[in-house]
Amino acid sequence: MKIVIGSDHGGYELKQEVMDHLKKRGIEVVDVGCYSAESCDYPVYAKPVTEAIQNGDADLGILICGTGIGMSMAANKEKGIRAALCHDTFSAKATREHNNANILCMGARVVGPGLALMIIDTFIDTPFSNDERHIRRISYYS
Ligand code: RB5
């Protein structure tokens, strides 16, 4: 499992915690930035994450900003990207099973690190259901 991760300044601190957590789990992590808490523009960091997914360079992506909203809007403009904004574990599980989401977006100003790590674990540990009805529904927009 290889994960590509990006954030803006609003998500920088949580990104560092998420990377530590993933590495402790033995998961390979590619960090595309940002690399400090200095103010920056979230679309700049959404782009390399979506490209890594499109190119098959990573299995799943994580994008963190203050709300997760800007990151999800930017990521979902890109072909083949199914970015899900999740702040609870039910949604994180359902979006993998039903939508085959390939990027998880979160807002660091919305959830604390404890819940964020549970959401991330749920997202990466849940496989796509491969149900015909879900494949059909995804095909409308992929
Ligand atoms: C930055 O202040 C904030 O706008 C950004 O992190 C994000 O929440 C945008 O959607």
Side-chain angles (χ1 to χ4, degrees), residues 1-129 131 133-142:
M1 167 77 71
K2 186 169 171 183
I3 296 212
V4 57
I5 189 166
S7 79
D8 72 353
H9 55 289
Y12 173 73
E13 271 187 34
L14 179 57
K15 174 166 67 71
Q16 306 314 112
E17 290 198 46
V18 169
M19 288 194 301
D20 286 348
H21 175 74
L22 294 175
K23 285 174 189 166
K24 275 183 199 146
R25 283 196 51 177
I27 292 170
E28 190 182 350
V29 185
V30 177
D31 178 13
V32 301
C34 62
Y35 300 117
S36 80
E38 196 177 321
S39 183
C40 59
D41 297 341
Y42 58 82
V44 169
Y45 301 98
K47 190 76 176 173
V49 168
T50 59
E51 283 173 350
I53 298 297
Q54 288 169 325
N55 298 338
D57 292 338
D59 301 299
L60 292 171
I62 297 172
L63 284 168
I64 307 171
C65 62
T67 60
I69 296 170
M71 284 295 200
S72 63
M73 288 179 169
N76 277 315
K77 295 287 182 193
E78 306 298 335
K79 190 166 173 49
I81 297 303
R82 294 177 300 280
L85 175 59
C86 298
H87 291 128
D88 65 274
T89 55
F90 174 83
S91 300
K93 184 168 189 289
T95 198
R96 289 288 304 128
E97 288 175 342
H98 293 207
N99 315 119
N100 198 10
N102 45 24
I103 295 180
L104 171 66
C105 300
M106 289 194 304
R109 296 173 186 157
V110 182
V111 287
L115 178 55
L117 297 184
M118 287 179 77
I119 292 167
I120 285 167
D121 283 342
T122 302
F123 186 82
I124 65 183
D125 292 340
T126 304
F128 178 47
S129 67
D131 285 352
R133 71 184 191 284
H134 293 313
I135 293 169
R136 182 183 69 247
R137 289 165 188 163
I138 291 165
S139 76
Y140 280 77
Y141 56 86
S142 284

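For ligands, and for the atoms within them, numbers begin at 1 and follow the listed sequence.
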Which heavy-atom pair separates Ile3 from Ala58 by the least distance, and what is that distance?
C-CB, 4.4 Å
Is atom 2 (O) of ligand 1 touching the protein, meaning some protein heavy atom lies under 4.0 Å away?
yes
Is the shortest distance from a Lys or Arg side-chain nitrogen in Asp131 or Arg136 to a carboxylate oxygen in the other one below 4.0 Å?
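The answer is no: the pair does not qualify as a salt bridge.
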Quick one: does any side-chain atom of Lys23 pair with a main-chain N or O of Val18 as donor and acceptor, under 3.5 Å?
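No: the side chain of Lys23 does not pair with the backbone of Val18.
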Backbone or side-chain N or O of [X] under 3.5 Å from ligand 1 N or O:
X: Gly66; value: yes
X: Asp8; value: yes
X: Gly70; value: yes

Using non-hydrogen atoms of the residue, decide whether His9 is closer than 4.0 angstrom to ligand 1.
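His9: in contact with ligand 1 (<4.0 Å).
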Has Arg109 got any heavy atom lying under 4.0 angstrom from an atom of ligand 1?
yes
Please enumerate all residues that pass salt bridge (Lys or Arg N to Asp or Glu O under 4.0 Å) together with Lys47, with sequence neighbours excluded.
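Counting only residues at least two positions away or on another chain, Lys47 forms a salt bridge (Lys or Arg N to Asp or Glu O under 4.0 Å) with Glu78.
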One pair to check against salt bridge (charged side-chain N to carboxylate O under 4.0 Å, His left out): Asp57 and Lys2. What are the steps and the verdict?
CA-CA 8 Å; Asp57 292 338; Lys2 186 169 171 183; over 6 Å; no
Are any non-hydrogen side-chain atoms of Ile81 and Ile53 less than 4.5 angstrom apart?
yes
re atom 9 (C) of ligand 1, the protein heavy-atom contact at minimum distance is Tyr42 CE2, 3.5 Å
Specify the protein heavy atom at minimum distance from atom 7 (C) of ligand 1: its residue, its atom name, and the distance to 0.1 Å.
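Here the closest protein heavy atom is Cys65 SG, 3.4 Å.
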